[in-house]
Every structure is written in structure tokens, then in C-alpha cells.
Amino acid sequence: MPHVTSFTGDAKPYREGAEPYADYRRAETLPFDQLVDLADRRLGGAVVAANDEFFAERENLLVPEPAVFAPERFGHKGKIMDGWETRRRRGVDEETPHPEADDHDWALIRLGVPGLVRGLVVDTAHFRGNYPQAVSVQATTAPAFASAKELLADDVEWIEIVPRTEIGGHAANAFSVDAERRFTHLRLNQHPDGGVARLRVYGEVAPDPEWLDALGAFDLVALENGGAVEDASDRFYSPPTNTILPGRSRKMDDGWETRRRRDKGNDWVRYRLTSQAAIRAVEIDTTYLKGNAAGWAALFVQDQSSGGGEWTQILPRTRLLPDTVHRFLVDTPPSTHVRIDIFPDGGISRLRLFGSLTADGAKALAERTAELSG
């Protein structure tokens with residue numbers, strides 16, 4: 001199980017007046033960090049339970065923003081930390097003051113969407129001398145609404161996806177995961193105790209085919225339905241994956257925005273749909289993009305289910321207005337991929353592609369899900 005980074009041991013104590021992230025340890029790039037965070041709160045991720053959260057609440061683990069450090073903030077229990085922190089474990093008596101080798105704390109995480117986990121980041125930002133010595137992670141598949149009691153039952157099969165591994169304080173500890181299984185829940189264990197600021201669970205969404213079949217028509221590019229961003233011309237200000245998040249954009253950087261072009265080209269994003277489908281309605285949203293919305297947009301589709309093919313235009317180059325929801329009716333051939341071209345640069349906040357899976361698309365999705373379910 002590859003430990004992508006190799007940070008171990010304490011970080012230096014915080015120096016008063018210093019930039020808290022100045023000595024933060026992390027890799028410049030990770031092999032999986034362009035994938036979706038399956039545990040993102042915006043997708044419905046939640047920390048179902050934890051055995052201990054004496055110093056800092058378990059819910060902090062999944063906050064989308066980086067952890068914040070406020071040196072002056074103390075409460076009745078001690079330093080207020082932006083993460084999940086447990087009390088110090090002790091032995092049973094004065095003769096054995098240290099915890100047993102197997103003693104550990106745990107938190108149960110419900111993924112926002114079921115999927116294949118490709119990588120994890122156990123982020124100990126600002127936990128410099130109070131992080132766990134080691135962590136391990138297990139995964140299972142259960143009903144989305146399973147309670148903590150049900151998840152902890154003896155008959156639940158937990159698969160180890162990260163073995164017990166020593167980590168470092170004030171660091172983004174990254175792990176690659178090689179498990180071709182569809183998971184819904186994780187169990188994060190810290191050995192023996194301590195604090196973790198954030199947990200990121202990078203992977204590929206594997207939606208429920210029965211649910212999508214019952215819906216009939218749905219957003220074919222939405223993250224929660226198995227849509228994905230495959231590539232983009234520019235990710236300078238904000239990632240294109242934002243365009244297929246649930247709900248409306250709440251601020252400017254909650255969409256996709258490119259740098260200013262100084263050439264005669266244009267920017268674009270290529271998406272993969274849930275499975276082969278026919279698109280019937282399109283929504284291009286520029287909410288909160290007021291002086292930097294794309295000027296025009298065009299849409300193209302492609303069917304890669306039989307090995308590729310030409311791009312077919314389904315929406316000609318069309319003028320976009322700032323801070324506006326634009327809706328179009330279209331009639332498309334069966335497609336697996338969509339490309340949006342924007343002219344010349346700028347951004348959009350959301351893209352919605354409503355339609356239905358074809359018979360071949362529904363069959364392929366069902367077979368893939370059955371394969372990943374073991």
C-alpha cells in the first residue's frame with residue numbers, strides 16, 4: 001500500500017507571530033488530487049460517530065476549507081483546534097501508565113457519494129506535537145443511512161485500505177489506495193490518540209443504478225450521479241469540478257474561472273457522463289461571475305462507447321450574460337462525453353445536462369456496479 005508521502009515525527013513548535021503554514025509539510029502534487037473528494041460535505045459526506053472528541057469535534061474532519069490556526073484561542077478544555085482531537089490515552093494503573101499497543105481512537109465517515117477510493121490525505125495541519133503516531137483506514141459498503149450501531153455490528157465486513165502507518169505532524173500525509181471496490185463508509189483509526197485536521201477521500205463516483213433508473217431523467221454530468229471532469233484547458237483560479245457540484249454557486253470561486261487569455265485561443269472542459277445517454281436540456285450558469293463570465297459558449301458531444309468518434313456540436317456558439325442561468329433545449333445522439341468551449345476565457349459556475357441513459361448505457365452502468373460490489 002504506497003505511502004505517497006513520508007512525513008513522520010513532530011513538526012517544530014509554533015513560533016509566535018509566524019505564518020502558521022510556513023513550515024507545513026506536503027507534496028507539490030499527488031497522483032490523485034484531481035479526482036473528486038468523495039467525503040466532501042457539499043456532496044453529503046458526514047462523520048457519523050467517533051469514540052472520543054474531547055478537545056475538538058469530529059465534524060471538522062470534512063470541512064472543505066483548509067484548517068485554520070488561531071494561537072490565542074483557548075477554551076475550558078484547552079487549546080481550540082480546527083480538527084478532530086481526542087484526549088490522551090493512559091494505561092490501567094501506575095505500573096502500566098502507557099496505553100496498550102492496540103489502543104486507538106476512531107471515527108466513522110459516511111461518504112457523500114459511493115465510489116472507488118483512489119487516494120487519501122490524512123491532514124495533521126497545526127497538530128505539531130499532538131497528532132497520532134500512526135493511522136489506519138478501513139472501508140465498507142452499507143446503506144447510506146446506516147447508523148453507527150449498525151456500522152459497528154460484528155457482521156459488518158471492513159476491508160483495510162490503509163494499514164497502520166506512522167505519519168507526521170503538521171503535514172498532508174497521503175496514501176494511494178488500490179481496491180477495486182465500491183465503498184460507502186470509512187473508519188479512520190488513530191493510534192493511539194491525538195488529532196487530525198482534515199480527511200480527504202479522493203476517488204471516482206459509483207452511483208446506484210437502481211436509483212437513477214427510478215429517476216428516469218436526471219443530470220447526467222452531476223458528480224453525485226457519476227459525472228466527472230476528465231480534462232480542462234485551465235485551472236488557474238478554481239477547478240472545473242466545481243461546475244458539477246450540487247446546488248447553486250455561493251460565491252465567485254465556487255465555479256470554474258480561468259486566467260485572462262492574451263492569445264486568440266479559447267478555454268474548454270471535457271466531461272464524462274454517467275454512462276451512454278441522450279441529453280435533452282442544458283443549463284449553463286454564470287452565477288456570481290459578473291466581470292469575468294465567459295463571453296460565449298458552445299457544446300459538443302462524443303460517443304466513446306464504441307472506441308471514439310467525432311465531436312458533434314449540439315449548441316452553437318451562444319452569447320452568455322454575467323450572473324445568469326441560461327437554459328437550452330437540445331436533441332443529441334447517444335453520447336458518453338461532452339465538451340464545453342468558452343470564448344475567449346473567463347468561467348462558468350455550473351453546467352447541468354438533463355436527459356436519460358440509453359438502454360446500452362443503463363446496462364453498462366449496472367454491470368460495472370455489480371463488478372465493483374464483489
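All values reported here derive from a predicted model rather than from experimental measurement.
- D219 contributes a side-chain N or O that, together with a main-chain N or O of L353, makes up a donor-acceptor pair within less than 3.5 Å.
- Taking NE2 of H337 as the start and CD of Q302 as the end, the distance is 7.0 Å to the nearest 0.5 Å.
- Judged by the 6.0 Å distance and 45° axis criteria, R339 is positioned over the aromatic ring of F300.
- Considering NE2 of H326 and CZ of R319, their distance stands at 8.5 Å, rounded to 0.5 Å.
- Note on K77 versus E53: no salt bridge recorded, every NZ/NE/NH1/NH2 to OD/OE distance being 4.0 Å or above.
- Summarising the local packing, CG of D102 is surrounded by 12 or fewer heavy atoms from other residues, nucleotides or ligands at distances under 6.0 Å.
- Here I342 contributes atom CD1 and T286 contributes atom OG1; the two are 11.0 Å apart, rounded to the nearest 0.5 Å.
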Derivation and outcome, salt bridge (Lys or Arg N to Asp or Glu O under 4.0 Å), residues D105 and R89 | CA-CA 9 Å; D105 293 318; R89 281 182 171 268; 2.9 Å; yes
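- Here D267 pairs with R261 in a salt bridge; the nearest charged N to carboxylate O distance falls below 4.0 Å.
- F218 CZ to L357 CG: the interatomic distance, rounded to the nearest 0.5 Å, is 4.0 Å.
- Salt bridge status for D234 with R259: present, with a side-chain N to carboxylate O gap under 4.0 Å.
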Test side chain to side chain donor-acceptor pair (under 3.5 Å) applied to S305 and D303, step by step | CA-CA 6 Å; S305 60; D303 185 16; 2.7 Å; yes
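- With respect to the salt-bridge test (charged N to carboxylate O, under 4.0 angstrom), the residues R260 and D345 do not qualify.
- With rounding to the nearest 0.5 angstrom, the CG atom of N51 is 8.0 Å from the CD atom of Q190.
- Between R198 and D82, at least one side-chain N (NZ, or NE/NH1/NH2) sits under 4.0 Å from a carboxylate O, which counts as a salt bridge.
- For D254 and R350, the salt-bridge test passes: some basic side-chain N is under 4.0 Å from an acidic carboxylate O.
- In the model, T358 has a side-chain atom that pairs as donor or acceptor with a side-chain atom of Q276 under 3.5 Å.
- Taking the charged nitrogens against the carboxylate oxygens, E180 and R118 do have a contact shorter than 4.0 Å, which makes a salt bridge.
- For R164, the CZ atom is densely surrounded, since the number of other residues' heavy atoms within 6.0 Å is greater than 12.
- Salt bridge absent: D33 and R26 never bring a charged side-chain N and a carboxylate O closer than 4.0 Å.
- With 3.5 Å as the limit, one finds a donor-acceptor pair spanning the side chains of D10 and Y131.
- Aromatic rings from Y21 and H126 are positioned such that their centres are separated by under 6.0 Å.
- When only modelled atom types and interatomic distance are considered, R235 and Q34 share a side-chain donor-acceptor pair under 3.5 Å.
- The backbone N or O of G44 lies less than 3.5 Å from a partner atom in the side chain of R110, making a donor-acceptor pair.
- With hydrogens and angles disregarded, no donor-acceptor distance shorter than 3.5 Å links the side chain of W211 to the backbone of N225.
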